[in-house]
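Worksheet: the structure to be examined is printed underneath.
Counting starts at 1 for both ligands and their atoms, in listed order.
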Amino acid sequence: MNPDGSAQDPEKREYSSVCVGREDDIKKSERMTAVVHDREVVIFYHKGEYHAMDIRCYHSGGPLHLGDIEDFDGRPCIVCPWHKYKITLATGEGLYQSINPKDPSAKPKWCSKGVKQRIHTVTVDNGNIYVTLSSEPFKCDSDFYATGDFKVIKSSS
Ligand code: FES
């Protein structure tokens with residue numbers, strides 16, 4: 001039990017931050033890939049902000065580092081190159097458009113499926129970029145391609 005009376009989650013892990021490169025380099029390339037504690041991630045530098053997420057798309061494992069960044073509903077998203085799913089850079093939400101079929105004149109509205117892609121934390125220290133893996137214990141769809149049998153890179157241990 002935690003001091004506040006809540007139960008401790010045995011799945012929750014804390015990861016140390018890992019240096020993945022230099023700020024100068026990512027500012028030029030605007031994206032980079034890295035392996036952090038055996039997990040493959042992509043880091044984007046977009047409009048002055050850093051974002052890191054699992055590199056394989058939650059839908060079918062598409063390579064997000066090869067996608068374009070576009071705004072949808074005012075939110076910057078990576079567009080997966082395989083089937084064009086849109087994932088918000090800031091939160092990892094899957095976005096989709098919906099219409100009310102009973103109202104043919106209605107404009108499609110952008111909606112969220114919730115968090116589908118695991119987002120990691122980026123920090124900058126002394127010109128170096130660090131990524132800290134998410135330790136949030138919720139099950140995220142992108143975990144499927146980042147762990148287990150479908151993981152692209154294999155654990156060295
Ligand atoms: Fe990304 Fe299908 S694999 S949209």
Self-check item: Side-chain ion pair, Asp143 and Arg39, N-O less than 4.0 Å
Solution: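 Salt bridge flag = yes for Arg39 with Asp143.
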Quiz item: Is any side-chain N of the basic residue among Glu93 and Arg75 closer than 4.0 Å to the acidic one's carboxylate O?
Solution: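 Arg75 and Glu93: salt-bridged.
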Exercise. Please name the atom of His59, restricted to N, O or S, that is closest to atom 2 (Fe) of ligand 1.
Key: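 Considering only N, O and S atoms, His59 comes nearest to atom 2 (Fe) of ligand 1 through ND1.
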If you count the atoms of ligand 1 from 1 in the order shown, which ones are under 4.0 Å from a heavy atom of [X]?
X     : answer
Trp82 : 3 (S)
Cys57 : 1 (Fe), 3 (S), 4 (S)
Ser60 : 3 (S)
His83 : 2 (Fe), 3 (S), 4 (S)
Tyr85 : 4 (S)
Gly62 : 3 (S)

Quiz item: Val122 and Val41: same hydrophobic cluster, using ILVMFWY side-chain contacts below 4.5 Å?
Solution: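 Same cluster.
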Quiz item: Would Ile87 and Tyr96 show up in the same hydrophobic cluster when neighbours are defined by side-chain heavy atoms closer than 4.5 Å?
Solution: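 No.
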Exercise. Take the angle between the ring planes of Tyr58 and Tyr85 and call it parallel below 30°, perpendicular above 60°, tilted in between.
Key: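 If you compare the ring of Tyr58 with that of Tyr85, the planes turn out tilted.
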Quiz item: Any N/O/S atom of Cys80 sitting less than 2.8 Å from atom 1 (Fe) of ligand 1, backbone or side chain?
Solution: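 Short answer: yes, at least one N, O or S atom is under the cut-off.
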Quiz prompt | Distance-only side-chain donor-acceptor flag, Asp141 / His59, under 3.5 Å | solution =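 No, His59 and Asp141 have no side-chain donor paired with an acceptor closer than 3.5 Å.
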